[in-house]
Amino acid sequence: MIVRDLAKEILTERRVDSDGWSSVRLLLKDDGMGFSFHITTIHAGAELHMHYKNHLESVFCMEGTGSITDLATGETHTIRPGVMYALNKNDKHILRADAGAPMMMACVFNPPVTGKEVHGADGAYPADAALENSA
Ligand code: 9YT
């Protein structure tokens with residue numbers, strides 16, 4: 001069994017800070033679960049252009065409000081606590097947190113993130129095999 005406490009893990013290398021967001025990866029590839037599990041904070045007012053070409057991701061909003069735009073359809077959906085979105089088609093999207101408060105999200109990635117990824121210029125994380133050159 002694996003038991004981890006966000007309050008402790010946030011002080012370790014599991015925490016990653018980037019432009020407009022920070023994330024604590026509570027489960028990574030080497031935990032052997034077949035998915036990774038992240039608690040991600042989107043900074044207030046942030047607008048993130050993302051396209052996880054190599055990963056499927058599901059996200060559940062726990063706190064804060066914002067929106068997500070599906071760039072394939074142009075449709076924008078409100079994000080608020082209790083709302084889940086799944087990028088089941090590796091959907092290219094824009095995620096926004098409203099000004100005033102951050103959004104707290106629980107995220108699952110399949111295949112799992114290894115912990116070494118950085119977003120490419122295309123908004124994606126590289127496929128696992130390509131990681132050596134990207135981190
Ligand atoms: C909501 C969202 O952007 N999730 C992505 C996870 C985060 N960027 C991470 O842990 O890499």
Side-chain angles (χ1 to χ4, degrees):
M1 186 182 293
I2 300 168
V3 178
R4 294 194 175 120
D5 180 346
L6 177 64
K8 289 180 184 156
E9 301 302 338
I10 203 167
L11 303 172
T12 73
E13 70 286 346
R14 288 182 181 280
R15 179 192 171 126
V16 176
D17 286 280
S18 190
D19 233 18
W21 60 271
S22 67
S23 189
V24 183
R25 280 76 174 266
L26 289 176
L27 290 170
L28 286 166
K29 184 183 179 189
D30 64 3
D31 291 309
M33 296 293 288
F35 56 86
S36 57
F37 181 65
H38 316 199
I39 301 298
T40 298
T41 303
I42 311 295
H43 298 174
E47 176 172 297
L48 305 177
H49 294 241
M50 293 183 282
H51 189 195
Y52 294 116
K53 296 173 189 171
N54 305 306
H55 300 81
L56 300 176
E57 186 196 17
S58 175
V59 178
F60 179 77
C61 178
M62 300 183 290
E63 284 179 37
T65 58
S67 65
I68 185 167
T69 300
D70 179 341
L71 290 173
T73 64
E75 213 175 339
T76 296
H77 307 268
T78 298
I79 302 292
R80 59 173 183 277
V83 173
M84 182 279 304
Y85 64 86
L87 305 171
N88 60 320
K89 295 178 183 162
N90 301 101
D91 310 80
K92 194 173 183 180
H93 62 288
I94 302 173
L95 182 65
R96 300 176 200 83
D98 291 340
M103 288 198 297
M104 283 271 286
M105 324 291 265
C107 318
V108 173
F109 277 79
N110 169 27
V113 161
T114 66
K116 296 192 175 74
E117 293 84 352
V118 290
H119 278 117
D122 57 358
Y125 286 144
D128 206 356
L131 276 178
E132 298 306 318
N133 301 320
S134 68

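Just so you know, ligand 1 is whichever comes first in the structure, and atom 1 is the first atom listed for that ligand.
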Inset, instruction - Answer yes if Leu28 and Val59 sit in the same cluster of Ile, Leu, Val, Met, Phe, Trp and Tyr residues linked by side chain heavy atoms under 4.5 Å apart, and no otherwise. - result: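 Linked, Leu28 and Val59 end up in one cluster.
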Near [X], which atoms of ligand 1 are under 4.0 Å from a heavy atom of that residue?
X      : result
Leu95  : 1 (C)
Tyr52  : 5 (C), 8 (N)
Phe109 : 5 (C), 6 (C)
Cys107 : 1 (C), 4 (N)
Met50  : 3 (O)

Legend entry - Residue part near ligand 1, for Leu48, under 4.0 Å between non-hydrogen atoms: neither
Legend entry - Part of Phe60 with heavy atoms under 4.0 Å of ligand 1, whether side chain, backbone, both or neither: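 Answer for Phe60: neither.
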Inset, instruction - Would you tell me whether Ser67 and Thr78 have side-chain atoms, one donor and one acceptor, within less than 3.5 Å of each other? - result: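 There is no such pair between these side chains.
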Inset, instruction - Answer with yes or no whether the side chains of His43 and Thr41 bring together a donor and an acceptor at under 3.5 Å. - result: no
Legend entry - Non-hydrogen atom of Tyr85 closer than 4.0 Å to ligand 1: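 Right, Tyr85 reaches ligand 1.
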Inset, instruction - Measure the distances from the heavy atoms of Met103 to every atom of ligand 1 and state whether one is below 4.0 angstrom. - result: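 Under 4.0 Å: no for Met103.
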Legend entry - Heteroatom proximity flag, His38 to ligand 1, N/O under 3.5 Å: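 His38 vs ligand 1: N/O contact under 3.5 Å present.
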Legend entry - Steps toward salt bridge (charged side-chain N to carboxylate O under 4.0 Å, His left out) verdict (Arg96, Asp98): CA-CA 6 Å; Arg96 300 176 200 83; Asp98 291 340; over 6 Å; no
Inset, instruction - Output yes when a side-chain donor or acceptor of Asn90 lies under 3.5 Å from a complementary backbone atom of His55, and no otherwise. - result: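 Yes, Asn90 side chain to His55 backbone: donor-acceptor pair under 3.5 Å.
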Legend entry - Pair Phe109-His38, ring pair (Phe, Tyr, Trp, His ring centres under 6.0 Å): steps then yes or no: CA-CA 8 Å; Phe109 277 79; His38 316 199; 4.8 Å; yes
Inset, instruction - Measure the CE-CG distance between Met50 and Leu87 for me, rounded to the nearest 0.5 Å. - result: 8.0 Å
